[in-house]
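All residue numbers refer to positions in the sequence shown, counting from 1.
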Amino acid sequence: VRVLSHIRNGDLTQKARVYSNDEIGFAVDVVNAMTTELQEKEKMSRSLDLAKEVQQRLLPNADISVNGFDISGVSHYCDQTGGDLYDVFLPEEGGSRKMGVTIADVSGHGISSALLMASVRSSLRLRLSLGGNMGEVITDVNKQICRDFCESGQFISMLYLSLDQKDKKLEWVRAGHDPGFIYDPDSDRFDILKGDGIVLGLDSDFIFKSQEIEGVRPGQIIVLYTDGLWETKNPENDVYGKSRLMEMVRSTADLSAKDMTKNIIDDLDTFRQERILEDDVTLVIIRVTG
């Protein structure tokens, strides 16, 4: 009874000792086995909590306003760790005025997807430091991913943007990811960021090419997201949908990127009600301010 009381209070270090071969002895063996199993589960839970903390630190830790762009993003995971990523790459001091933003989604979710995503982030950051055009960068990242993970059966969708405030130009490479869009409040027009490109980790010989839009101007809003956002379902099994996302962007277009992000995620939570997330959700808002 004393040992059971300790277990009930969260102390899993105690072991029961009864030297008999009757029902009481069997019950004691079951309690000790249960205690050992609970210790392993507690250890695993602590490890997952640490993995979640490490992964969250890989995300930008603050909203960013630089070089004429106001950027805010958020990731919510359906498990303790996830396979979604967004990142912001600031221009080097004294160098190019261009900056980069990426969003990516590993197939599946959980700890294996989190490990793959961390590797993708590292490969992309390293390759960006070596220079070259956007198509070359993503092509080389894909080759590395294929070498490292081709037998895992997993793949990664990605959208990488280059934002050029000086030339008022938006350039991007789409690697099998939802295309995202740019919204112009003045004309109430949505332009989809299309482009050919397969997911990363599928074909090491694929050559990626960039697309571009010129004439980007203050007031326009660039929206990136993973499919976990628009595919979120409510209790009636309806999906949130891209049309509702666009309508939220339209109705909050006068807000800061941070407030837009919050309003959209709040609307998503209202839509799904008490239904749990079935996939990771990531959203990035980029407002052109200058």
Side-chain angles (χ1 to χ4, degrees), residues 54-62 64-69 71 73 75 83-107 112-152 154-180 193-214 216 222 224 226 282 284 286:
V54 170
Q55 188 175 29
Q56 288 293 321
R57 288 181 178 179
L58 295 180
L59 301 174
N61 60 8
I64 296 171
S65 182
V66 64
N67 282 13
F69 298 100
I71 305 172
S75 281
D84 277 10
L85 169 79
Y86 77 94
D87 207 352
V88 178
F89 308 91
L90 299 177
E92 296 180 358
E93 292 187 15
S96 170
R97 295 178 65 89
K98 295 181 183 180
M99 63 184 300
V101 179
T102 192
I103 188 168
D105 182 2
V106 174
S107 58
S112 62
S113 296
L115 290 171
L116 178 51
M117 183 53 70
S119 178
V120 171
R121 177 184 182 273
S122 178
S123 295
L124 178 58
R125 281 187 166 268
L126 176 60
R127 180 57 186 85
L128 285 170
S129 69
L130 301 178
N133 65 53
M134 291 178 59
E136 292 171 340
V137 168
I138 303 304
T139 296
D140 288 345
V141 170
N142 177 57
K143 290 181 183 295
Q144 185 64 50
I145 292 171
C146 287
R147 282 195 292 267
D148 291 344
F149 299 102
C150 64
E151 296 182 0
S152 72
Q154 290 184 291
F155 53 84
I156 305 96
S157 69
M158 178 182 287
L159 184 64
Y160 181 85
L161 300 178
S162 173
L163 307 169
D164 191 334
Q165 189 268 348
K166 181 180 179 180
D167 294 334
K168 308 298 182 186
K169 183 172 68 175
L170 171 65
E171 187 179 6
W172 71 94
V173 173
R174 178 174 172 244
H177 196 83
D178 265 320
L193 304 180
K194 299 179 180 179
D196 296 329
I198 63 174
V199 293
L200 306 176
L202 190 63
D203 180 1
S204 62
D205 295 325
F206 190 86
I207 305 300
F208 290 86
K209 296 181 180 179
S210 64
Q211 312 292 321
E212 66 179 49
I213 291 177
E214 296 184 348
V216 175
I222 304 162
L224 310 179
T226 56
T282 299
V284 180
I286 306 166

Tell me every residue that passes side-chain hydrogen bond (donor to acceptor under 3.5 Å, both in side chains) with Thr282, counting only those two or more places apart in sequence or in another chain. Ser75, Asp84
Closest non-hydrogen atom pair between Ile156 and Ala104, with its separation: CG2-CB, 4.1 Å
Tightest non-hydrogen contact, residues Met134 and Val173, listed as CE-N, 3.6 Å
Step by step, work out the side chain to side chain contact (heavy atoms under 4.5 Å, CB included) result for Tyr160 and Val141. CA-CA 12 Å; Tyr160 181 85; Val141 170; over 6 Å; no
Within this structure, what is the CG-CE distance for the pair Asp105 and Met158, rounded to the nearest 0.5 Å? 10.5 Å
Please name all residues satisfying side-chain hydrogen bond (donor to acceptor under 3.5 Å, both in side chains) with Ser162, sequence neighbours left out, ordered by chain then number. none
Using the test side-chain hydrogen bond (donor to acceptor under 3.5 Å, both in side chains), find all partners of Thr139 that sit at least two apart in sequence or belong to another chain. none
How about CG on Asp196, more than 12 heavy atoms from neighbouring residues, nucleotides or ligands closer than 6.0 Å, or not? no
Just wondering, do Asp178 and Leu159 contact through their side chains at under 4.5 Å, heavy atoms? no
Report the residues that fulfil salt bridge (charged side-chain N to carboxylate O under 4.0 Å, His left out) with Asp87, sequence neighbours left out, ordered by chain and then residue number. Arg121, Arg125
Gap between atom CG of Leu163 and atom NZ of Lys168 - 0.5 Å precision: 12.0 Å
Anything under 3.5 Å between a donor and an acceptor, one on a side chain of residues 200-210, the other on a protein residue two or more places apart or in another chain? List them.
unit_1, atom_1, unit_2, atom_2, d
Asp203, OD1, Asp205, N, 3.0
Ser210, OG, Glu171, OE2, 2.8

I would like to know whether Phe69 and Ile64 meet side chain to side chain contact (heavy atoms under 4.5 Å, CB included); could you show each step before the answer? CA-CA 8 Å; Phe69 298 100; Ile64 296 171; over 6 Å; no
For Phe155, give me all partners under ring-ring contact (aromatic ring centres under 6.0 Å, His included), at least two apart in sequence or on another chain. none
When you compare the side chain of Val101 with that of Ile222, does any pair of heavy atoms fall below 4.5 Å? no
Residues that Tyr86 engages under ring-ring contact (aromatic ring centres under 6.0 Å, His included), provided they are two or more places apart: none
What pairs with Asp148 under side-chain hydrogen bond (donor to acceptor under 3.5 Å, both in side chains), at least two apart in sequence or on another chain? Gln144
According to the salt bridge (Lys or Arg N to Asp or Glu O under 4.0 Å) rule, which pairs have a member within residues 127-146, sequence neighbours left out? Arg127-Asp140
Taking all atoms of both residues into account, what is the closest heavy-atom pair of Arg174 and Gly195, and its distance? NH1-O, 2.8 Å
Side chain to side chain, Leu193 and Leu170, heavy atoms closer than 4.5 Å: yes
CG on Asn67 to CG on Asp164, rounded to 0.5 Å: 9.5 Å
For the side chain of Ser123 and the backbone of Ser119, is there at least one donor-acceptor N/O pair under 3.5 Å apart? yes
Answer whether the closest heavy-atom distance between the side chains of Ile286 and Leu161 falls below 4.5 Å. yes
Which residues pass the salt bridge (charged side-chain N to carboxylate O under 4.0 Å, His left out) test with Lys194, sequence neighbours left out? none
ring-ring contact (aromatic ring centres under 6.0 Å, His included) partners for Phe149, two or more places apart: none
